[in-house]
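Structure, as structure tokens:
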Amino acid sequence: MSTTAAPVDGASQEDLTRLAERWEERPSLRSWLSTVDHKKIGRRYLVTAGLFFALAGISALVMRTQLARPESRLLSPQEYNQLFTMHGTAMIFLFATPMLFGFGNFLVPLMIGSRDMAFPKLNALGYWIFLFAGLFMWASLPFGAAPNGGWFAYVPLTGEQNNPGLHIDVYTLGLLFLGIATTAASINFIVTALKLRAPGMSLNRVPLFVWAIVATAFMVIFALPALNVDNAMLFLDRRFSTHFFDPQAAGNVLLWQHLFWIFGHPDVYIIVMPALGIVSAVLPAFTRRGVVGYALVVLSIVSIAIISFGVWVHHMFATGLPQLSYSFFSAASTVITIPSGIQIFAWLATMLLGRVVLRVPLLFLIGFIVTFVLGGLTGAMFALTAFDQQVTDSYFVVAHFHYVLIGGAVFPMLAGAYYWLPKITGRMYHERLGRWAFWLVFAGMHVTFFPMHLYGLFGMPRRVYTYRGEPGWGGWNLVSTAGSYLLALGLLLVLAGMVHAIRRGRPAPPDPWGGDSLEWSTDSPPKAYNFPVLPLVHSVHPTWDDATRSSMGADATADRILADGRRTLFTSELDGRRERAAEMPEPSLQPLLLALGLLVFFTAMLLAWYPVAAVAVLAVAATLAVWLWPPRRPDRELGVSP
Amino acid sequence: MSAREGIAAATGTEALTTELPVGRSTGWWGMVLVVATEAILFACLLGSYYYLRFQYGSPWPPGGIREPTLLRPLVMTAVLLPSSLPMIWAEHGIRHGQRWRLRSGLAATLLLGATFLTLLATEYAQTLREFTMTTDAYGSLFYLITGFHGLHVLVGLTMICWLLAASLRGGTFGAYRHDRVRNVAIYWHFVDIVWAAILFTVYLSPRL
Amino acid sequence: MPVDTTRDATNAGSRRSRRRRRNGRVVRMTLLAGVFLLGGCAGDAPSALDPAGSGAARVANLWWLLFWISTAVFVEVMALLVWALVFRRGRDTRVRHGQPLRFVAVAGAGLPLVILVAVYAVGLRDLAALGHGPGPQAPTIEVTGHKWWWEVRVPGIDGATANELHIPVGERVRVRLRTADVLHSFWVPQLMPKTDLIAGEMRETWLQAQRAGRYRGQCAEYCGTQHAHMAFLVVAEPRADFDAWLARLGSTARQPETDAQRRGQQAFVQASCAGCHAIRGTPADGRVGPDLSDVGSRWSIGAGAVPNDGGHLGGWIANPQTVKPGAYMPPQPVEAARLPDLVAYLQSLK
């Protein structure tokens, strides 16, 4: 492996001192709470999402224990129903997307050669909201008031009449609260990728991971409002007796499902897409070549993002809609497998034409390909209405989406975790520990979920807290349960490997893998200002090309060092031409205060303390007004005519 | 100050503290994306309206609620849609560094927006006598859609007040620095355009 | 499951589909044999791969088509992956270039497109076939989903039963689906794919069994606390037996014959039972819970929660909450001495 030293020779010692002065924060409680550094925020996203993953995973283990044999009485049905709802809701909303946004937060500015996100304070706000919304939802579990309507919360089961108490209010308010963070982060990603790319990084030189994150962010912006409207209407129905979903009063229960899946299906890709971006980012280092068919992969990312909005009805194939609409949505759902196929074969071609270096990140990528292809194949089956009607809502679909989500998201995340661990922590992981973890996770995953295909076909419906012995599902369930323990053990080893690396790992060089993207052109871990010299990008694999590297070394210029302030470069949207240096915001407590105000608002809404909620709204508005209050400048700078 | 002086200032020694904005700002993109996601939000609300209407069938409005009267909403439209004009005028003014145009334009928009909200309140005073949010799904839709839009108008007015306060302070906006004015203007135009869609859906479509 | 290959009376051109089914069965047996060796046994399972009706058979055939195509694709991908891992390992870390786009386009888009179009066409044909319901003269059964049991009625007949419906072998039977509360889903894996029960609307599906037997069905849409115990049974039987079932459904319940049964009936009518349950021909006419006029002949108690025998029935009456926690039937304050009478009476209702 090549070990390129970070090209610090481009910036003088004086420049480095001044940069450090402007960017670094002295460790204190205040700076911990007020930081706007995208790397710290990214790390927090990763750790917090990891915590929610652990909670949701433990819920799953408890459920698997309950299901190990027929008629088990470990859990009451009420407990089981809360656990499976929290498992799904947390895995989707509190783990998958935030974890990938954590990778995005840490990596996007580094990959595009910038010193921070476009809106660093908004970034901090997004994290705090995510943390508070996650705690808001999990806090309901010890009180026995956790959501219990399944992660897609179909009405009328989730209506006030069939489901009194706070359960569903926690769900609707929690997701509305969290939605603010997800939307804010998405807007931030898009603007960052549009305006903050290093000079020379035209659209055709944008790393595939960044493409994936941006496509994801666009999907969030266009899909999430449907979920928000849905949840708002459900909250109003429950709390203020409106009738959106009440068929007795001109409402309609299928409205919930349509709106939910208009969000829900794009959401599958919102989860998988950035993970596929991780695959494209990790693969080049271990195949010693760029991903084959860059343009085709970009095209497939964009087309998935668009087509994913036209397939939602395949989640409703059993609701008895007209056959004509089924045949349309069946066709769209069939077509959407093609762009994914293109990516799979692009990666295979990359491996076949490169030189494979088998390290732990690549092992997880192989695990990803095996698992995700299986999940994709059963996914294509679900596009066929007749087959879907037979196996939907059975354990077959549980198997399918765990293959897609663990295969398509968790394996790439783990590959990414090992791959970027040196960059994030400055430490190398223990290779053998990593291999053990991989094989346990891989085996555990398949032992747990493969049998679910079978007992789904054998007639076992999903979301049952127990089952009778006669249908003969017990043996297979026992296998799944054993597999889930194996999987948990593997994940525990992953955690042990990370802790070991941070505590005892040997120091990581700037570029331990010979990677191709810009994050490998700077220190491990990067300094607060990311790059002493912002690069001038010459190709799609900047760290592999000498011209880009020397732009950060021998050919450095003062207008890319920008040591006079807390600055980064803005460039043009399409071709990455330099526009200007821009001043970035200082650390601030405002994001935390704003998030706390929102937490008070949502808690007050939950507990029906409406005057408190009103006060919280005023506090939020006031904080925003101060946050955005324009700085005073001399007239000459403003350009005011006398 | 002429443009040339501005460029000279931007390339001088203190250039880096005062570098002139070039290209679209991050704030502009941010606001455009906020508006995009908000537009989808309203599209989902109006889509829900049509979905419930066509799933329910006729008569619409159901349960003996009369078709909404048109006079007041048309007056509201005549107040709200033109409120974009002083906003445009204000924004153009500050682009030329004319603060008085900014201030008076914002004030005019504020006045029109407030009139719209007052009219909405009188509209509610009338409709609430006939049906409420809890009467049936039609009532729920009516108040959710118009109320949510009203809320947006209120937020827009708050932002305009805030702009007005900032511009009255001085040392805030000028020909080179008026990002916030531009962003609020984008938001306000959006709120106006959405009203046209709401007028069509809630007030005109039941008559079709 | 009992085997009785009664001819599909309504479907004259079924020879082709029978041949396909036979082929499918051979494949299925070999494959399942392999799967069974891995552990466990699904011999009694209501398996979609052991279809007994024309709807499920169609889907089972579709599954095997999809299964073999998927296997082929998976093997292809694995072969490429293994090839790369075996023959493309190297310490040579020079960075390579070159863009074999044609391979990616053909293997990743071209071939899948051809396969998918073909499969889509087959899938469309099956969708149309499932949608092609029985004619207007076909028998109709009305099923209403409740939390957490199934009410079964036949139009034109006054009586009702629960969690069990009978169909004549070989005939297509229309099933009308409604729900009294939340969404449920009607699923008999061996006979027919799912149809959801939608609040405020009516849905229709059909059942057809090619051989007599008892086929387990279960609610497949999560419906709350006791979603797990909301099973039902479809009994496919010769036409004469079906007609007898219809007749029983329309007639009053069997009168008590022994003293114990008579005391049981008295207890039933006088205690709180009658407030919720009906027994035709007695003053008990509650409509909240299932009609119990034929409860003695049913396959289970509590929609598949426990088998229907004296011990379980007594336990259920005393406290359903220990059997099916969350069910809407509260514990019954029946004197211990009266319980055996009540059980005897209910068991006599066949």
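Per chain, numbering begins at 1; letters A, B, ... match sequence-line order.
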Using a 3.5 Å distance criterion without hydrogens, assess whether the side chain of [X] forms a donor-acceptor pair with backbone atoms of [Y].
{"X": "C/Arg88", "Y": "A/Leu352", "result": "yes"}
{"X": "A/Gln390", "Y": "C/Pro189", "result": "yes"}
{"X": "C/Arg203", "Y": "A/Thr319", "result": "yes"}
{"X": "A/Gln323", "Y": "C/Leu127", "result": "yes"}
{"X": "C/Arg216", "Y": "A/Pro471", "result": "no"}

If I measure from the heavy atoms of chain C, does [X] come under 4.5 Å with its side chain, its backbone, both, or neither?
{"X": "A/Phe84", "value": "side chain"}
{"X": "A/Leu478", "value": "neither"}
{"X": "A/Gln257", "value": "side chain"}
{"X": "A/Ala383", "value": "neither"}
{"X": "A/Gln248", "value": "neither"}
{"X": "A/Val253", "value": "side chain"}
{"X": "A/Ser300", "value": "neither"}
{"X": "A/Pro247", "value": "side chain"}
{"X": "A/Val335", "value": "neither"}
{"X": "A/Thr334", "value": "both"}
{"X": "A/Asp246", "value": "neither"}
{"X": "A/Arg462", "value": "backbone"}

- Task: Test A/Leu157 against C/Leu183 for side-chain contact (heavy atoms from CB on, under 4.5 Å), laying out the working first.
- Result: CA-CA 7 Å; A/Leu157 180 62; C/Leu183 307 189; over 6 Å; no
Between [Y] and [X], is there a side-chain heavy-atom distance shorter than 4.5 Å?
{"X": "C/Glu76", "Y": "A/Phe345", "result": "yes"}
{"X": "C/Pro307", "Y": "A/Arg468", "result": "yes"}
{"X": "C/Pro325", "Y": "A/Ser76", "result": "no"}
{"X": "C/Val73", "Y": "A/Leu377", "result": "yes"}
{"X": "C/Asp126", "Y": "A/Leu384", "result": "no"}

- Query: C/Leu85 and A/Met351: side-chain contact (heavy atoms from CB on, under 4.5 Å), yes or no, with the steps?
  - Reply: CA-CA 8 Å; C/Leu85 290 176; A/Met351 292 180 76; 4.0 Å; yes
- Message: For C/His227 and A/Tyr80, I'd like to know if the aromatic rings sit close, meaning centre-to-centre distance below 6.0 Å.
- Response: no
Contact leader toward chain A among [options], where contacts are heavy-atom pairs under 4.5 Å:
{"options": "C/Ala128, C/Ala105, C/Gly217", "value": "C/Ala128"}
{"options": "C/Gly326, C/Gly224, C/Pro112", "value": "C/Gly224"}
{"options": "C/Glu204, C/Lys324, C/Lys147", "value": "C/Lys147"}
{"options": "C/Ser70, C/Gly200, C/Gly123", "value": "C/Ser70"}
{"options": "C/Val117, C/Ile198, C/Thr195", "value": "C/Ile198"}

Side chain / backbone / both / neither for [X] at chain A, heavy atoms under 4.5 Å:
{"X": "C/Val306", "result": "both"}
{"X": "C/Tyr120", "result": "both"}
{"X": "C/Ala56", "result": "both"}
{"X": "C/Leu62", "result": "side chain"}
{"X": "C/Val119", "result": "both"}
{"X": "C/Glu201", "result": "side chain"}
{"X": "C/Met192", "result": "backbone"}
{"X": "C/Val323", "result": "backbone"}
{"X": "C/Leu113", "result": "both"}

Between [atom1] on residue [X] and [atom2] on residue [Y], distance to nearest 0.5 Å:
{"X": "A/Phe458", "Y": "C/Leu49", "atom1": "CZ", "atom2": "CG", "value": "6.0 Å"}
{"X": "A/Gln389", "Y": "C/Leu130", "atom1": "CD", "atom2": "CG", "value": "6.0 Å"}
{"X": "A/Thr337", "Y": "C/Leu116", "atom1": "OG1", "atom2": "CG", "value": "4.0 Å"}
{"X": "A/Trp473", "Y": "C/Ser47", "atom1": "CH2", "atom2": "OG", "value": "10.5 Å"}

How far apart are the closest heavy atoms of [X] and [Y], and which atoms are they?
{"X": "C/Ala305", "Y": "A/Glu71", "value": "O-OE2, 3.9 Å"}
{"X": "A/Pro156", "Y": "C/Ala199", "value": "CG-CB, 3.9 Å"}
{"X": "A/Ser394", "Y": "C/Trp187", "value": "CB-CH2, 3.6 Å"}

- Message: Is there a side-chain contact (heavy atoms from CB on, under 4.5 Å) between C/His229 and A/Tyr465? Walk through the geometry before answering.
- Response: CA-CA 9 Å; C/His229 290 133; A/Tyr465 79 99; 3.5 Å; yes
- Count the heavy atoms of every other residue, nucleotide or ligand shown that sit under 6.0 Å from CD of C/Gln321, and state whether that count exceeds 12. yes
- Message: In terms of relative ring orientation, are C/Trp63 and A/Phe387 parallel, tilted or perpendicular, with 30° and 60° separating the classes?
- Response: parallel
- Message: I'd like to know if the side chain of A/Asp393 pairs up with that of C/Tyr222 as donor and acceptor (distance under 3.5 Å, no hydrogens or angles considered).
- Response: no
- Message: With side-chain contact (heavy atoms from CB on, under 4.5 Å) as the criterion, how do C/Leu81 and A/Ile369 come out once you've worked through the C-alpha distance, each side chain's angles and the decisive distance to 0.1 Å?
- Response: CA-CA 9 Å; C/Leu81 192 62; A/Ile369 292 182; 4.1 Å; yes
